[in-house]
**Student:** 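Structure below; questions to follow.
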Amino acid sequence: HRVYSASILSFLGGVRWGLTLSTGSKELPDWRNLTYSVTPSLLAWTGVLLHSPLGYIPITAGLLGAGIIDVAWAGYPTWFKILRTILTISALTSIGLLFHVKYKSDKNLGVNKSIQGFKDKYYDWKNGSGPSS
């Protein structure tokens, strides 16, 4: 999920790059536009290289920031800005729900119980009593 979110974020920078460099664009290929074009990819890679859950911080910030900037900046048609708003809210909601289920839920879908069971079996085996069944 984190890598997929990072891929989406990288793509968003490419959209701005394409708008800036397309023939007849009103957006000039200046430092502001070109810097914005590569920033989402840098945030995405940072998020991929960091371990979960820390990796979600730059990705979430990048998705939110790119959404706000894309809606505020000139150059995009109205339909694109509406679509960006809907997709940004959807992506952030998806990350929020995943984070809640994976890291905050009391049940954790049995993950904590599975990890604890593995640790208990490993500890028993390590201390000479063999793996318990």
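Because only heavy atoms are used, hydrogens play no part in the values below, and waters and symmetry mates are left out as well, while side chains stay in. Here the structure is a predicted model, which is why all the values come from computation and not from measurement.
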**Student:** Let me confirm one number: the CG-CG distance from L21 to L34, rounded to the nearest 0.5 Å.
**Tutor:**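 Separation between the atoms: 6.0 Å.
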
**Student:** As an exercise, state the distance from OG1 of T20 to CG of D30, rounded to the nearest 0.5 Å.
**Tutor:**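 Reported value, rounded in 0.5 Å steps: 7.5 Å.
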
**Student:** Could you measure the distance from the OG1 atom of T46 to the CG atom of L54? Nearest 0.5 Å is fine.
**Tutor:**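 So the gap between those two atoms works out to 12.0 Å.
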
**Student:** Please name the pair of heavy atoms, one in A44 and one in S10, separated by the smallest distance, quoted to 0.1 Å.
**Tutor:**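 In this case the closest contact between A44 and S10 is CB-OG, 3.5 Å.
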
**Student:** Is L49 reachable from Y56 through a run of hydrophobic residues whose side-chain heavy atoms are each under 4.5 Å from the next?
**Tutor:**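 Different clusters.
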
**Student:** Measure the CD1-OG distance between I89 and S94 for me, rounded to the nearest 0.5 Å.
**Tutor:**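 If we round to the nearest 0.5 Å, I89:CD1 and S94:OG are 13.5 Å apart.
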
**Student:** Within a 6.0 Å radius of atom CZ on F80, are there more than 12 heavy atoms belonging to other residues, nucleotides or ligands?
**Tutor:**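 Result for CZ/F80: enclosed.
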
**Student:** Are the side chains of Y76 and R16 in touch, meaning some heavy atoms are under 4.5 Å apart?
**Tutor:**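 Y76 reaches R16 side chain to side chain.
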
**Student:** I'd like to know if W79 and L19 are part of one continuous hydrophobic network [Ile/Leu/Val/Met/Phe/Trp/Tyr, side-chain heavy atoms within less than 4.5 Å].
**Tutor:**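 Yes.
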
**Student:** Hydrophobic clusters here meaning ILVMFWY residues chained together by side-chain heavy-atom distances under 4.5 Å, can you tell me if L83 and V15 are in one?
**Tutor:** yes

**Student:** Transitively linked via ILVMFWY side-chain contacts under 4.5 Å: I95 with I8?
**Tutor:**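 They do share one cluster, since a chain of ILVMFWY contacts under 4.5 Å joins I95 to I8.
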
**Student:** Specify the closest pair of heavy atoms between A66 and L9, including all atoms of both residues, with the distance to one decimal.
**Tutor:** CB-CD1, 4.5 Å

**Student:** Testing the basics here: between P58 and L43, what is the closest heavy-atom pair and its distance to 0.1 Å?
**Tutor:**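 Nearest pair, atom of P58 first, then L43: CB-O, 3.7 Å.
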
**Student:** Report yes if some heavy atom in the side chain of T60 is under 4.5 Å from a heavy atom in the side chain of L64; otherwise report no.
**Tutor:** no

**Student:** If you take all heavy atoms of S5 and I59, which pair is closest and at what distance?
**Tutor:**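 It is CB-CG2, 3.6 Å.
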
**Student:** Could you measure the distance from the OG atom of S37 to the CZ atom of R32? Nearest 0.5 Å is fine.
**Tutor:** 10.5 Å

**Student:** Grouping I, L, V, M, F, W and Y whenever their side-chain heavy atoms are under 4.5 Å apart, do L42 and L12 come out in a common cluster?
**Tutor:** no

**Student:** For S22, check side chain to side chain contact (heavy atoms under 4.5 Å, CB included) against everything at least two apart and list the hits.
**Tutor:**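 S22 satisfies side chain to side chain contact (heavy atoms under 4.5 Å, CB included) with S25 once adjacent residues are dropped.
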
**Student:** Tell me which pairs pass ring-ring contact (aromatic ring centres under 6.0 Å, His included) where either residue lies in residues 5-46, with sequence neighbours left out.
**Tutor:**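 Sorted pair list: Y36-W73.
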
**Student:** Quick one: does any side-chain atom of R84 pair with a main-chain N or O of D70 as donor and acceptor, under 3.5 Å?
**Tutor:** no

